[in-house]
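First comes the structure, then the notes that go with it.
Remember, predicted model here, so these are calculated numbers, not experimental data.
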Amino acid sequence: MNFQVFARENCELCKKAQDVLSRAGVVPDVRYVEGTAATPENLADFAWFDWTDTPPLVVATEGDEIVGRWVAADIKDAWLPEVRRWLAEHRTA
């Protein structure tokens, strides 16, 4: 399973998403869509995964299938319990 965080540089909520995933044992691929580290490829994939107006967008994929998706409003509050619950339901041994 691959987790991608589409982020904006210097975004506190984007940093929170990365921190929560890290605390849940997930190493995400951070892809910047705003700022000096943004790339056209990151922007194209951000749009492909259903563009949101406010980064971060977190997407979990298995191959070409999207198995989880969270936007800024989902991450804003107590997201760690949700991530842990979701991982427990979706991780395979």
**Leu13 side chain near Pro56 side chain, heavy-atom distance below 4.5 Å** =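 Yes, side chains in contact.
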
**Request:** State, yes or no, whether a side-chain contact exists between Val59 and Trp48 at a heavy-atom distance under 4.5 Å.
**Result:**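 Answer no - side chains too far apart.
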
**Asked** Any Lys/Arg nitrogen of Arg85 or Glu89 sitting under 4.0 Å from an Asp/Glu carboxylate oxygen of the other?
**Response**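 Yes, Arg85 and Glu89 are salt-bridged.
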
Out of curiosity, [X] [atom1] to [Y] [atom2], how far, rounded to the nearest 0.5 Å?
{"X": "Asp29", "Y": "Phe6", "atom1": "CG", "atom2": "CZ", "result": "7.5 Å"}
{"X": "Thr61", "Y": "Phe49", "atom1": "OG1", "atom2": "CZ", "result": "5.5 Å"}
{"X": "Gln4", "Y": "Phe46", "atom1": "CD", "atom2": "CZ", "result": "12.0 Å"}
{"X": "Asp45", "Y": "Thr39", "atom1": "CG", "atom2": "OG1", "result": "8.0 Å"}
{"X": "Ile75", "Y": "Glu82", "atom1": "CD1", "atom2": "CD", "result": "10.5 Å"}

Exam field: side chain [X] to backbone [Y], donor-acceptor pair closer than 3.5 Å:
{"X": "Glu9", "Y": "Thr36", "value": "yes"}
{"X": "Lys16", "Y": "Trp79", "value": "no"}
{"X": "Asn42", "Y": "Val33", "value": "no"}

**Prompt:** What side chain to side chain donor-acceptor pair (under 3.5 Å) pairs are there with at least one residue in residues 62-72, not counting sequence neighbours?
**Reply:**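 As it turns out, there is no side chain to side chain donor-acceptor pair (under 3.5 Å) pair with a partner in residues 62-72 once direct neighbours are skipped.
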
**Request:** Go through Arg31 and Val5 one step at a time and tell me if the side-chain contact (heavy atoms from CB on, under 4.5 Å) criterion holds.
**Result:** CA-CA 6 Å; Arg31 302 182 65 190; Val5 176; over 6 Å; no

**Request:** List the steps and the verdict of salt bridge (charged side-chain N to carboxylate O under 4.0 Å, His left out) for Lys15 and Asp19.
**Result:** CA-CA 6 Å; Lys15 291 175 188 174; Asp19 180 55; over 6 Å; no

**Asked** Looking at residues at least two apart in the chain, or sitting in another chain, which of them share a side chain to side chain donor-acceptor pair (under 3.5 Å) with Arg8?
**Response**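 None.
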
